[in-house]
2 protein chains.
Amino acid sequence: MKNKKNELTKNQKIVLDFIQKSNKPVKAYSILSNVSKKGLKAPPQVYRALEKLIEVGEVHKIESLNSFVACNSKCIEPNGTIFSICKSCDQTTEVSNADLAKFLSDFKDMNGTQFSGFNLELFGTCKSCKA
Amino acid sequence: MKNKKNELTKNQKIVLDFIQKSNKPVKAYSILSNVSKKGLKAPPQVYRALEKLIEVGEVHKIESLNSFVACNSKCIEPNGTIFSICKSCDQTTEVSNADLAKFLSDFKDMNGTQFSGFNLELFGTCKSCKA
DNA sequence: AAATATTTCGTTATATTATAACACTACCTT
DNA sequence: AAGGTAGTGTTATAATATAACGAAATATTT
């Protein structure tokens with residue numbers, strides 16, 4: 001067993017806490033400056049926490065934004081992420097659609113081999129930006 | 001009309017040419033060092049060419065790799081990209097699957113609004129790496 | 001408990017990726 | 001030929017991310 005108490009460390013909790021409180025994807029250096037008063041003073045501290053949080057599924061990275069969001073815990077697919085991203089304001093929400101998740105999980109390439117993970121980013125315009 | 005002869009400029013051709021000759025996604029600074037003998041000496045020259053090439057659909061960016069690939073010209077969906085990426089060697093191929101492309105293009109969120117674009121990255125292990 | 005291994009930590013430095021800004025050039029349109 | 005737009009070359013710098021190292025904390029084995 002790697003870790004008896006499967007708990008997050010102090011730094012990991014601090015970073016997760018900040019991400020969860022944000023209602024938008026946050027950037028690593030934004031996290032850094034916002035938690036610096038809690039003792040995290042250098043990029044590696046943030047990136048290390050992020051790495052762990054992503055590994056355990058608490059956080060996802062939005063690749064096209066170089067930003068991070070908390071998992072909304074409705075993740076249907078453990079190995080895949082689906083996000084809708086507003087092209088105008090970057091507002092991002094995790095999409096929980098069983099059909100879509102199943103379609104992607106079951107998808108096989110030409111050779112019939114299945115994939116082990118996926119990341120889908122859907123771009124559109126959010127309600128507020130349309131209005 | 002913006003540009004009568006809808007042609008690529010010299011720099012754009014140089015960059016596209018290099019990307020097309022590569023059999024893997026290439027990084028911007030790798031492009032830069034490889035075409036420096038052709039006169040492109042600073043990052044903005046490469047990034048500007050890339051921007052244009054992406055705009056006209058000749059090149060796609062692989063977000064999770066910060067890399068660029070030439071469109072294989074079998075793009076089914078003009079506003080969406082689908083790539084399979086080998087987790088082990090980064091070998092990337094554009095996936096041309098009509099069903100999947102249609103499913104994604106037609107996908108609507110909870111409110112019934114359609115998206116204007118998407119980017120799907122499928123992660124797996126390529127033939128060579130499996131062997 | 002002591003010894004060992006593993007993970008995390010704080011820190012400095014640096015690598016990698018990408019853009020701002022500015023003056024200038026080439027070309028297209030009228 | 002005059003004006004507009006897009007592209008160019010350049011310098012500098014911003015933004016994102018990791019390498020490396022030794023110390024500290026936590027787990028596991030003895």
Side-chain angles (χ1 to χ4, degrees), chain A residues 1-19 22 24-56 58-69 90 92 119 121, chain B residues 1-19 22 24-69 85 90 92 119 121:
Chain A
M1 191 181 297
K2 287 282 175 70
N3 187 359
K4 201 172 205 174
K5 337 189 292 174
N6 231 17
E7 287 176 9
L8 298 175
T9 65
K10 184 177 143 243
N11 285 3
Q12 289 157 8
K13 277 182 203 155
I14 290 170
V15 169
L16 177 56
D17 186 56
F18 175 73
I19 298 177
S22 310
K24 267 204 188 185
V26 281
K27 308 216 159 224
Y29 276 70
S30 160
I31 296 170
L32 178 57
S33 63
N34 278 282
V35 301
S36 63
K37 48 195 148 195
K38 304 213 173 178
L40 285 83
K41 289 176 187 165
Q45 296 178 292
V46 169
Y47 280 104
R48 283 194 289 231
L50 285 172
E51 186 183 26
K52 179 70 175 189
L53 292 168
I54 289 169
E55 189 188 316
V56 300
E58 289 284 358
V59 165
H60 302 302
K61 178 171 186 181
I62 312 291
E63 293 289 354
S64 63
L65 300 176
N66 293 320
S67 298
F68 304 86
V69 289
D90 290 349
T92 296
N119 178 44
E121 301 181 356
Chain B
M1 193 180 300
K2 286 281 174 73
N3 187 357
K4 199 173 203 173
K5 337 189 293 173
N6 232 16
E7 289 174 7
L8 299 174
T9 66
K10 184 178 145 241
N11 285 2
Q12 288 156 10
K13 279 182 202 154
I14 291 171
V15 170
L16 178 56
D17 187 55
F18 175 74
I19 297 178
S22 310
K24 265 204 190 185
V26 280
K27 308 215 159 226
Y29 276 69
S30 159
I31 296 170
L32 178 58
S33 64
N34 277 282
V35 300
S36 63
K37 48 195 149 197
K38 305 214 170 176
L40 285 83
K41 290 175 187 164
Q45 295 177 293
V46 169
Y47 280 104
R48 283 193 291 230
L50 285 172
E51 185 183 27
K52 181 68 176 191
L53 292 168
I54 289 169
E55 189 188 317
V56 301
E58 290 284 358
V59 165
H60 302 301
K61 178 171 186 183
I62 312 291
E63 294 288 355
S64 63
L65 299 177
N66 294 318
S67 299
F68 304 86
V69 288
I85 304 172
D90 289 350
T92 296
N119 178 45
E121 302 181 356

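Letters A, B, ... mirror the listed sequences (proteins, then strands); counts begin at 1.
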(message) Evaluate A:Leu8 against A:Leu53 for side chain to side chain contact (heavy atoms under 4.5 Å, CB included), listing each step before the verdict.
(response) CA-CA 8 Å; A:Leu8 298 175; A:Leu53 292 168; 3.9 Å; yes
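- Atom CZ of B:Arg48 is separated from atom C1' of C:dA18 by 13 Å (rounded to the nearest Å).
- The CG-C1' distance, from B:Leu65 to C:dT16, rounds to 14 Å in whole Å.
- The distance between atom CD of A:Gln12 and atom C1' of D:dT26, rounded to the nearest whole Å, is 13 Å.
- Within the 4.5 Å cutoff, the side chain of A:Asp17 has no heavy atoms near those of the A:Val35 side chain.
- Pairs passing the side-chain hydrogen bond (donor to acceptor under 3.5 Å, both in side chains) check and including a residue from residues 35-48 of chain B, sequence neighbours excluded, do not occur.
- One end of the helix from C:dA1-D:dT30 to C:dT30-D:dA1 points its axis 40° away from the other end's axis, with each axis taken from 5 pairs and the angle rounded to 10°.
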Find every protein N or O atom lying less than 3.5 Å from an N or O atom of nucleotides 23-25 of chain C, and list the pairs.
none

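- Residues passing the salt bridge (Lys or Arg N to Asp or Glu O under 4.0 Å) test with A:Asp90, sequence neighbours excluded: none.
- Taking both residues in full, the closest heavy atoms of B:Pro43 and B:Tyr29 are given as CG-OH, 3.3 Å, listed atom of the first, atom of the second, then distance.
- Close to D:dA17, at under 4.0 Å from its OP1 or OP2, lies a side-chain N or O of A:Tyr47.
- Residue B:Lys10 is the one, among B:Asn66 and B:Lys10, whose nearest nucleotide of DNA chain D lies closer to the 5' end (criterion: closest heavy atom).
- Near DNA chain C, defined here as any heavy-atom distance below 4.0 Å, the residues from residues 26-44 of chain B are B:Lys27, B:Tyr29, B:Pro43, B:Pro44, listed numerically.
- Of the candidate nucleotides C:dC9, D:dG7, D:dA17, D:dG7 has the atom lying nearest to any side-chain atom of B:Lys52.
- A distance of 14.0 Å separates NZ in A:Lys27 from CG in A:Asn34, rounded to the nearest 0.5 Å.
- Taking atom CG of A:Leu8 as the reference point, atom P of D:dT26 lies 15 Å away to the nearest angstrom.
- An OP1 or OP2 oxygen of D:dG9 is reached within less than 4.0 angstrom by a side-chain nitrogen or oxygen of B:Gln45.
- For A:Ile54 and D:dT16, the CD1 to P distance is 15 Å, given to the nearest whole Å.
- Residues forming a side-chain contact (heavy atoms from CB on, under 4.5 Å) with B:Ile62 (at least two apart in sequence, or on another chain): B:Pro25, B:Ser64, B:Leu65, B:Val69, B:Phe83, B:Ile85, B:Thr92, B:Glu121.
- Side-chain nitrogen and oxygen atoms of B:Thr9 include none within less than 4.0 Å of the OP1 or OP2 phosphate oxygen of D:dA6.
- Between B:Leu50 atom CG and C:dT19 atom P there is a gap of 10 Å when expressed in whole angstrom units.
- Separating the NE2 atom in A:His60 from the CD1 atom in A:Ile19 is a distance of 11.0 Å, to the nearest 0.5 Å.
- With sequence neighbours left out, B:Lys61 forms a side-chain contact (heavy atoms from CB on, under 4.5 Å) with B:Ile54, B:Glu63, B:Asn66, B:Phe68.
- Between the CD atom of A:Glu7 and the P atom of D:dT26 there is a distance of 11 Å, given to the nearest Å.
- A:Ser33 meets the side-chain contact (heavy atoms from CB on, under 4.5 Å) test with no other residue; sequence neighbours excluded.
- Closest heavy-atom contact between B:Ala28 and B:Leu50: CB-CD1, 4.2 Å.
- With sequence neighbours left out, A:Thr9 forms a side-chain contact (heavy atoms from CB on, under 4.5 Å) with A:Asn11, A:Gln12.
- Across the protein-nucleic acid pair, B:Glu55 atom CD and D:dT5 atom C1' stand 13 Å apart, rounded to whole Å.
- When the nucleotides C:dC9, C:dA18, D:dG9 are ranked by their closest atom to the side chain of B:Lys61, C:dA18 comes out on top.
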